[in-house]
Chemist: 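Let me give you the structure first, and then I'll get to my questions.
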Amino acid sequence: FSYELKNPDKNAQQLYLKYFNRSWERKAEVYINNQKVTDLEVGQGSDEEILISTFPVPDSEKSKTVLTVKFVAKPDFIIPRIAELRILNK
């Protein structure tokens, strides 16, 4: 699945991601405008534990007005539960 995030000031620097840890493994790849940003893996934690991570926006995408953030499950896994997703300018 994917989200379209607006970047009207064209100054995106970081992707902020808040997600839930799980007691079973979940794995996904994270893309911004079809450029891989990171691998996201959770598991072996409490179902109620919330994790927060930031990842740099690729230089080629920082000045775009719309950033499409896409999560792709790795084979035989499902995507972690996402609680919040933002673009940060610092």
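Scope of the values below: all heavy atoms of this structure, side chains included, with no hydrogens, waters or symmetry mates. Throughout, numbering of the chain's residues begins at 1 and tracks the sequence.
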Chemist: Give me each pair satisfying salt bridge (Lys or Arg N to Asp or Glu O under 4.0 Å) with a member in residues 7-19, each pair once, sequence neighbours excluded.
Modeler: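 Sorted result for residues 7-19: Lys18-Glu84.
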Chemist: Taking atom types as modelled, find out whether Asn89 and Gln13 have a side-chain donor-acceptor pair closer than 3.5 angstrom.
Modeler: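 On atom types as modelled, these side chains do not qualify, holding no pair under 3.5 Å.
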Chemist: Any donor and acceptor pair, going by atom type alone, linking the side chain of Asn7 with main-chain N or O of Lys64 inside 3.5 Å?
Modeler: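 Side chain of Asn7 to backbone of Lys64, a donor-acceptor pair under 3.5 Å: yes, one is there.
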Chemist: Hey, what do you get for CD (Glu61) to OG1 (Thr68), rounding to the nearest 0.5 Å?
Modeler: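 Nearest 0.5 Å value for the CD-OG1 distance: 9.5 Å.
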Chemist: To the nearest 0.5 Å, what is the distance between CG on Leu88 and CG on Leu15?
Modeler: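 Going from the CG atom of Leu88 to the CG atom of Leu15 covers 8.0 Å.
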Chemist: To the nearest 0.5 Å, tell me how far Tyr3 OH sits from Leu85 CG.
Modeler: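 Going from the OH atom of Tyr3 to the CG atom of Leu85 covers 6.5 Å.
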Chemist: Of all heavy-atom pairs between Val66 and Asn33, which one has the smallest distance, and what is that distance?
Modeler: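 Closest heavy-atom pair between Val66 and Asn33: O-ND2, 3.6 Å.
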Chemist: Would you say Phe55 and Phe20 are hydrophobically clustered, going by side-chain heavy atoms of ILVMFWY under 4.5 Å?
Modeler: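 Different clusters: Phe55 never reaches Phe20 through Ile, Leu, Val, Met, Phe, Trp or Tyr contacts under 4.5 Å.
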Chemist: Within the 4.5 Å heavy-atom criterion, are Ile32 and Pro58 side-chain neighbours or not?
Modeler: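 Yes, their side chains come closer than 4.5 Å.
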Chemist: Going by ring-ring contact (aromatic ring centres under 6.0 Å, His included), name the residues that satisfy it together with Phe77, two or more places apart in sequence or in a different chain.
Modeler: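 Here no residue qualifies.
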Chemist: Can you name the ring-ring contact (aromatic ring centres under 6.0 Å, His included) partners of Tyr31, sequence neighbours left out?
Modeler: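 Scan of Tyr31 (ring-ring contact (aromatic ring centres under 6.0 Å, His included), adjacent residues dropped) gives none.
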Chemist: Measuring from Ile78:CD1 to Lys27:NZ, what's the distance to the nearest 0.5 Å?
Modeler: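 Those atoms lie 13.0 Å apart.
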Chemist: At their closest point, which heavy atom of Leu5 faces which heavy atom of Arg86, and how far apart are they?
Modeler: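 Answer, listing the atom of Leu5 first, then Arg86: CD1-C, 4.3 Å.
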Chemist: Is there side-chain contact between Ile52 and Tyr16, with at least one heavy-atom pair below 4.5 Å?
Modeler: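 Yes, side chains in contact.
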Chemist: Test Lys70 against Asn34 for side-chain contact (heavy atoms from CB on, under 4.5 Å), laying out the working first.
Modeler: CA-CA 8 Å; Lys70 181 169 57 172; Asn34 295 317; 3.3 Å; yes
Chemist: Which atom names give the shortest non-hydrogen contact between Lys62 and Ala12, and what distance separates them?
Modeler: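 Nearest pair, atom of Lys62 first, then Ala12: CG-O, 3.0 Å.
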Chemist: From the options Arg81, Glu49, Arg26, select the one residue that forms a side-chain hydrogen bond (donor to acceptor under 3.5 Å, both in side chains) with Asn21.
Modeler: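 Exactly one candidate clears the test, Glu49.
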Chemist: Do the side chains of Asp39 and Lys74 get close enough for a salt bridge, i.e. N-O under 4.0 angstrom?
Modeler: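 Judged by the 4.0 Å cut-off on N to carboxylate O distance, Asp39 and Lys74 do form a salt bridge.
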Chemist: Side-chain contact test, heavy atoms from C-beta onward, threshold under 4.5 Å: evaluate it for Val30 versus Val69 and give yes or no.
Modeler: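 Touching, per the 4.5 Å side-chain cut-off.
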Chemist: Let me confirm one number: the CG-CD distance from Leu51 to Glu41, rounded to the nearest 0.5 Å.
Modeler: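 Between atom CG of Leu51 and atom CD of Glu41 there are 12.5 Å.
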Chemist: Less than 4.5 Å apart, any side-chain heavy atom of Ile50 and any of Tyr19?
Modeler: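 Of all side-chain heavy-atom pairs linking Tyr19 with Ile50, none is under 4.5 Å.
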Chemist: Walk me through it: do Phe1 and Ile82 pass the test side-chain contact (heavy atoms from CB on, under 4.5 Å)?
Modeler: CA-CA 11 Å; Phe1 64 91; Ile82 306 301; 4.0 Å; yes
Chemist: Using every non-hydrogen atom in the two residues, find where Pro56 and Val37 come nearest and quote the distance to one decimal.
Modeler: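 Scanning both residues, the minimum pair turns out to be O-CG1, 3.8 Å.
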